[in-house]
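All remarks here apply to the structure that follows.
In the text below, chain A, chain B and the rest are named by the order of the sequence lines, each starting its count at 1. All values below were derived from every heavy atom in this structure, side-chain atoms included, with hydrogens, water molecules and symmetry-related copies excluded.
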Amino acid sequence: MAELSGNDAFIDTDKLIFGIGQVQQITGVSGRQLRYWEEQGYIQSLNQKKGAAREYSLHTLFFIFHVTRFLDDGFTLQSAVDKAKQFDRQLPVLRQFLREQLHGVDFQDDRSILDFGYVDSSHTQRIYGIVKNGETSFEIKNVE
DNA sequence: TTTCTGACA
DNA sequence: TGTCAGAA
């Protein structure tokens, strides 16, 4: 039985690795830049062996993608990296919150309803997240 | 063929 | 940063 590290995901994302060529195709960042970014300590590749072909984790691939987004927004490389790091920090928290508080999703005619369960321990109100016409909102309903 | 390092414009 | 050379 394969062992899943990190989280309880069905796919062991730690085993999803990409070569520098793949990262170039996916993110649009040149190999020259990737090597430079690594040299500057902005990103990290898996095998730090000298002369060996670089490999990047899925996490790093995401990180690089986010950096390019902030770069496109006009940030300097340094601040784009900082922004990407901040974004990275949010992911575990967002995952945990959704995993524990999102009880289900209902699809109705014109809208989707996310069930976030009871508002508090009195169990008198339930809170829902609404997605309708590309807009989102909350709704609280009494459940006597 | 692809990637690596180092170097130059 | 792009690109080129010479070596894995």
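Within residues 21-30 of chain A, the residues approaching DNA chain B are A:Gly21, by heavy-atom distance under 4.0 Å. Near DNA chain B, meaning a heavy atom under 4.0 Å away, there are no residues from residues 36-44 of chain A.
Under the 4.5 Å side-chain heavy-atom criterion for ILVMFWY residues, no single connected hydrophobic cluster contains both A:Val131 and A:Ile140. Cluster annotation: A:Phe18 and A:Phe65 are assigned to distinct hydrophobic clusters (Ile/Leu/Val/Met/Phe/Trp/Tyr, side-chain heavy-atom contacts under 4.5 Å, transitive). Each of A:Ile130 and A:Leu114 belongs to its own hydrophobic cluster when Ile, Leu, Val, Met, Phe, Trp and Tyr are linked at side-chain heavy-atom distances under 4.5 angstrom.
Between the side chains of A:Asp88 and A:His66, not a single donor N or O lies within less than 3.5 Å of an accepting N or O.
Once you apply a 4.0 Å limit to the heavy atoms of chain A, the touched nucleotides of DNA chain C run 5' to 3' over C:dT1 to C:dT3.
Here the CD1 atom belonging to A:Ile43 is positioned 5.0 Å from the OH atom belonging to A:Tyr56, to the nearest 0.5 angstrom.
Both A:Arg32 and A:Arg35 sit near DNA chain B, but only A:Arg35 has its closest nucleotide nearer the 5' end.
Taking a 6.0 Å sphere around CZ of A:Phe62, one finds it holds 12 or fewer heavy atoms contributed by other residues, nucleotides or ligands. The 12-atom threshold is exceeded at CD of A:Glu139, counting heavy atoms of other residues, nucleotides or ligands nearer than 6.0 Å.
What you find for A:Thr124 and A:Tyr118 is that their closest heavy atoms are N-CD2, 4.5 Å. Between A:Thr27 and A:Thr68 the shortest heavy-atom distance is O-CG2, 4.3 Å. Of all the heavy atoms in A:Arg89 and A:Pro92, the pair that sits closest is O-CD, 3.3 Å.
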